[in-house]
Asker: 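Just dropping this structure here.
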Protein chains: 2
Amino acid sequence: MAAVKVFPEDVDRKLNEVFTRYGYDGTSMEMLSQASGLKKASLYHRFPGGKKDMAAHILKKTETWFQEHVNSVLHDEGRSMSDRLTEALDAIRFLFEDGTRNCTLRMLSACSETPYFQETIRSCFNILQDAFSFIAKGNGMSESEAAGKSMQAIINIQGSLVLSRAMDNQEIFKASVAAIPELLGVPK
Amino acid sequence: MAAVKVFPEDVDRKLNEVFTRYGYDGTSMEMLSQASGLKKASLYHRFPGGKKDMAAHILKKTETWFQEHVNSVLHDEGRSMSDRLTEALDAIRFLFEDGTRNCTLRMLSACSETPYFQETIRSCFNILQDAFSFIAKGNGMSESEAAGKSMQAIINIQGSLVLSRAMDNQEIFKASVAAIPELLGVPK
DNA sequence: GTCTATAGCTTGATAGAC
DNA sequence: GTCTATCAAGCTATAGAC
């Protein structure tokens, strides 16, 4: 077979899809090879540490994604709180495909290599916590109240995603995300 | 080695521990054998369908547990709403070891055999939904309002458990569970 | 940088003795 | 009902050609 150049961003996207759908231990090198279009040896060339390195890599990309699509957006002081939050929540809905797609962080936060991933996962949640908290404080909440409501927003996202998928009803996710602006004190 | 009789309830508890900790795909027959004290062939004697059967079995036990420790308790009309809810939430705190133990339902709701487990998992969440909803209605809420608050209670439990473990901070779980009585309209 | 081929191990599962 | 012994398949990972 011909050795066709495969773009890193396409590989990353496919690896992410597989890990997010099947979890770390439910994913094999063969699955990653078929999804990415690269043979196993080629994957090892790009990721010498194998599966573990691939998962760590897509987690780092996830961290960047949250930084860009949630944190930076919410800190963009040129626009109204409401507009910023709308954009960030739209991005989150897109990421989780309206509640039909699993959360990469959650799928990698309970597996045989979790200790290796934990720091990045924690960092991702901290980025969200900071971002939502910033909005809540901007809407007049105290530091501690904002921290609590921000945590609740993340709990809503994670919990509703678990439930939406288990009950096969994406309205649960949609309703939980839709409730976040009011939770964070955004004026109607 | 001597063939020592091992009690089914002890085996069940150990199998549950392993599946809940490592997930379905992260669990091997060897791990289940070591944890239960039964050799692999003995496990196949008790569970002819292998791993899949064992996980399905512990899920059925989980369903019974929720029925007995949450649903039945909350429907026990001989006591106050507040007392019943306190007992059920204490059981939930015990089940999840104050936020340090994973949720069996969640760990089995995203794995290679999920389709095989989904019906029971769904049933477990429905039992919780009915139970919390019954309390909320008893406290004066409408059918639809009670359904919403009940769903929020389950989201709080699942979401806070994910976060508690990811952030290594069990206070997140404790606070979320502690907020449930007020959420369901129990008078202070 | 991608491939084929394969090593070495672990997996889920079974046969058959006691 | 539990065990030892074993199988075939799948796994992660590597060697070496192009």
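Heavy atoms only: backbone and side chains are in, while hydrogens, waters and symmetry mates are out. Numbered from 1 within each chain, the chains take letters A, B, ... in sequence-line order.
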Asker: Taking atom P of D:dT12 as reference, at what distance in whole Å does atom CD of A:Gln34 sit?
Answerer: 13 Å

Asker: Can you name the residues that form a side chain to side chain contact (heavy atoms under 4.5 Å, CB included) with B:Thr100, not counting sequence neighbours?
Answerer: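 Testing B:Thr100 for side chain to side chain contact (heavy atoms under 4.5 Å, CB included), a comparison that skips the adjacent residues, returns B:Glu97, B:Gln170.
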
Asker: With sequence neighbours excluded, what pairs up with B:Tyr22 under the ring pair (Phe, Tyr, Trp, His ring centres under 6.0 Å) test?
Answerer: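 Applying ring pair (Phe, Tyr, Trp, His ring centres under 6.0 Å) to B:Tyr22 gives none.
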
Asker: Under 4.0 Å from any atom of DNA chain C, heavy atoms only: list the residues of residues 15-30 of chain A that qualify, in numerical order.
Answerer: none

Asker: What is the separation between atom CZ on B:Phe47 and atom P on C:dG12, rounded to the nearest whole Å?
Answerer: 15 Å

Asker: Give the intermediate values and the outcome of side-chain hydrogen bond (donor to acceptor under 3.5 Å, both in side chains) for residues B:Asn102 and B:Arg106.
Answerer: CA-CA 8 Å; B:Asn102 254 323; B:Arg106 178 164 50 80; 2.7 Å; yes

Asker: Counting only side-chain N and O atoms of B:His45, is one of them less than 4.0 Å from OP1 or OP2 of D:dT2?
Answerer: no

Asker: Hey, could you give me each pair passing ring pair (Phe, Tyr, Trp, His ring centres under 6.0 Å) that has a residue in residues 131-163 of chain A? Not counting sequence neighbours.
Answerer: A:His75-A:Phe134

Asker: Please tell me if A:Lys39 has a side-chain N or O lying less than 4.0 Å from either OP1 or OP2 of C:dT2.
Answerer: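 Negative; the distance criterion is not met.
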
Asker: In whole Å, what is the span from the CD atom of B:Glu113 to the P atom of C:dG12?
Answerer: 11 Å

Asker: In terms of side-chain geometry, is the basic nitrogen of A:Glu119 or A:Arg122 positioned less than 4.0 Å from the acidic oxygen of its partner?
Answerer: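 Result for this pair is no, no salt bridge flagged.
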
Asker: Between C:dG1 atom P and A:Phe7 atom CZ, what is the distance in whole Å?
Answerer: 14 Å

Asker: When the distance from CE of A:Met54 to P of D:dC11 is rounded to whole Å, what number comes out?
Answerer: 14 Å

Asker: Using a strict threshold of under 4.0 Å (side-chain N to carboxylate O), is an ion pair present between A:Asp12 and A:Lys61?
Answerer: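 A salt bridge links A:Lys61 with A:Asp12.
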
Asker: Using the ring pair (Phe, Tyr, Trp, His ring centres under 6.0 Å) rule, take B:Phe117 and B:Tyr24 through it: C-alpha gap first, then chi angles, then the decisive distance, then the call.
Answerer: CA-CA 11 Å; B:Phe117 304 144; B:Tyr24 184 82; 5.5 Å; yes

Asker: Mind checking what makes ring pair (Phe, Tyr, Trp, His ring centres under 6.0 Å) contact with B:Phe47, not counting sequence neighbours?
Answerer: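 Counting only residues at least two positions away or on another chain, B:Phe47 forms a ring pair (Phe, Tyr, Trp, His ring centres under 6.0 Å) with B:His57.
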
Asker: Using a cut-off of strictly less than 4.0 Å, decide whether A:Ser42 has a side-chain nitrogen or oxygen near OP1 or OP2 of C:dG1.
Answerer: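 Result: no.
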
Asker: Could you give the NZ-to-C1' distance, from A:Lys51 to C:dT10, as a whole number of Å?
Answerer: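 So the NZ-C1' distance, A:Lys51 to C:dT10, works out to 13 Å.
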
Asker: Going by atom types only, do A:Gln118 and B:Asp168 share a side-chain donor-acceptor pair under 3.5 Å?
Answerer: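 On atom types as modelled, these side chains do not qualify, holding no pair under 3.5 Å.
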
Asker: I'd like a table of atom pairs between the protein and nucleotides 14-18 of chain C - only N or O on both sides, under 3.5 Å - with the distance next to each one.
Answerer:
none

